[in-house]
Amino acid sequence: MPTGSGHLVLLHRGLALFLYRTAVLFIGACSFRFGDERVGPVFDERFARTEFTNNLEAIFTDQHRSPLQLGSAPHLKAALALTEMLESWVLAHELGHVLGHGKTFKTSHEVEFSADALGLELYRATLPTYLQHECAHHEDPIIRSMHVAAPHMFFHLALLIELFHPQELEDTHPHAYERSRRLWSKTAGDDATIALARQILAAFVHTTAPNRGIMP
């Protein structure tokens, strides 16, 4: 939002909690190698989908569910890293709006596509932070690939939120899948990183498939 001397970017508390709970459920349902450690899933897939669906239904209410506990240190480290990546993308997109302030666009969709493109440049600059973070092993490929996949994970969640909460749908925003498609075309990275990112995204989409029909 504009302020007297600039802009103020805010992150919705309910959205932030939803992103954290989603990251915990996804990572907790995964079996993966993180650094030198190989770990199995903490939650089974059915449980993860049920909890995710409950979280999705409650995102715009005050009935925020408490995050689940991850007993595995590698799972917790990966979940925290993914949460920060998802939040970083949201903030980068909003800052993209700030950078694009004053430009002329023909449609509101062009405004959003521009914010995605500008935000992607800001988001890319956060990668070294994760590679140097205590939760990561230096140059860990899973961190690099999760970082590539995170914005597309958010677009997938945005689509589900729109389907479960049509009253919250803003027709000023283009379809989430089209935003994701355009962002992939601007993705930088080696083939192995991008291939792993697509695998992570496919697993995320599979794990976060709601286990109940779309609400009327």
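FYI, the numbering just counts along the sequence from 1. Quick note: numbers below take in every heavy atom, side chains included, and nothing from hydrogens, waters or symmetry partners. Quick caveat, the model's predicted, so the values are computed rather than measured.
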Within the 4.5 Å heavy-atom criterion, are Leu70 and Phe43 side-chain neighbours or not? yes

Atom pair NZ (Lys77) and CD1 (Ile27), whose distance is rounded to the nearest 0.5 Å: 14.0 Å

What about Leu160 and Val24, same hydrophobic cluster or not, with Ile/Leu/Val/Met/Phe/Trp/Tyr joined at side-chain heavy-atom distances under 4.5 Å? yes

Full working for side chain to side chain contact (heavy atoms under 4.5 Å, CB included) between Met153 and Ile200: CA-CA 9 Å; Met153 292 178 178; Ile200 292 172; 3.3 Å; yes

Specify the closest pair of heavy atoms between Ser31 and Pro41, including all atoms of both residues, with the distance to one decimal. CB-CD, 3.8 Å

With no hydrogens and no angle check, is any side-chain donor or acceptor of His152 less than 3.5 Å from a backbone partner on Arg198? no

Shortest non-hydrogen pair, Tyr20 vs Thr83, comes out as CD1-OG1, 3.3 Å

Could you tell me the separation between the OG1 atom of Thr22 and the CG atom of Leu56, rounded to the nearest 0.5 Å? 8.0 Å

Nearest heavy-atom contact between Glu87 and Ala16 is OE2-CB, 3.8 Å

Look at the rings of His147 and Tyr123 and say which category their plane angle falls in: under 30° parallel, 30 to 60° tilted, over 60° perpendicular. parallel

State whether the number of non-hydrogen atoms from other residues, nucleotides or ligands found under 6.0 Å of Asp191 atom CG is greater than 12. no

Pair listing, salt bridge (charged side-chain N to carboxylate O under 4.0 Å, His left out) test, anchored in residues 108-120, at least two apart: Asp116-Arg179

At what distance, to the nearest 0.5 angstrom, does CD of Glu121 lie from CG of Leu99? 10.5 Å

Is there a side-chain contact between Val205 and Phe26 (heavy atoms, below 4.5 Å)? no

Over all heavy atoms of both residues, which pair between Leu196 and Pro141 is shortest? Give the atoms and the distance, please. CD2-O, 3.9 Å

Checking Glu51 against Asn54 for the side chain to side chain contact (heavy atoms under 4.5 Å, CB included) test, could you report, in this order, the C-alpha distance in whole Å, the side-chain angles of both residues, the deciding distance, and whether it holds? CA-CA 5 Å; Glu51 283 296 305; Asn54 291 336; 4.1 Å; yes

Shortest non-hydrogen contact from His75 to Cys30? NE2-O, 3.1 Å

Short question: side chain of Ser145, backbone of Thr193 - any donor-acceptor pair under 3.5 Å? yes

For the residue pair His93 and Trp89, does the interplanar ring angle fall in the parallel (under 30°), tilted (30 to 60°) or perpendicular (over 60°) class? tilted

Between Arg21 and Phe52, is NZ or CZ placed under 6.0 angstrom from the six-membered ring centre and within 45° of the ring axis? no

Mind running side chain to side chain contact (heavy atoms under 4.5 Å, CB included) on Leu25 and Asn55 for me, showing each step along the way? CA-CA 10 Å; Leu25 285 169; Asn55 291 334; 3.5 Å; yes

Shortest non-hydrogen contact from Ala48 to Ala29? CB-CB, 4.1 Å

Polar side-chain atom of Ser180 near backbone of Tyr177 as donor-acceptor pair, under 3.5 Å: no

Measuring from atom CH2 of Trp184 to atom CG of Leu201, what distance do you get when rounded to the nearest 0.5 angstrom? 6.0 Å

Pairwise distance CG(Leu19) to CE(Met85) - rounded to 0.5 angstrom: 13.5 Å

Could you measure the distance from the CG atom of Leu91 to the CG atom of Leu86? Nearest 0.5 Å is fine. 11.0 Å

Determine whether Leu118 and Leu122 satisfy the following criterion, side chain to side chain contact (heavy atoms under 4.5 Å, CB included), listing intermediate values before the conclusion. CA-CA 7 Å; Leu118 292 170; Leu122 297 174; over 6 Å; no

Quick check against the 3.5 Å criterion: does Thr187 have a side-chain atom that pairs as donor or acceptor with the backbone of Leu183? yes

I'd like to know if the side chain of Arg49 reaches the main chain of His206, judged simply by a donor and an acceptor atom lying under 3.5 Å from each other, with no hydrogens or angles considered. yes

Does a donor on one side chain sit under 3.5 Å from an acceptor on the other, for Thr208 and His156? yes

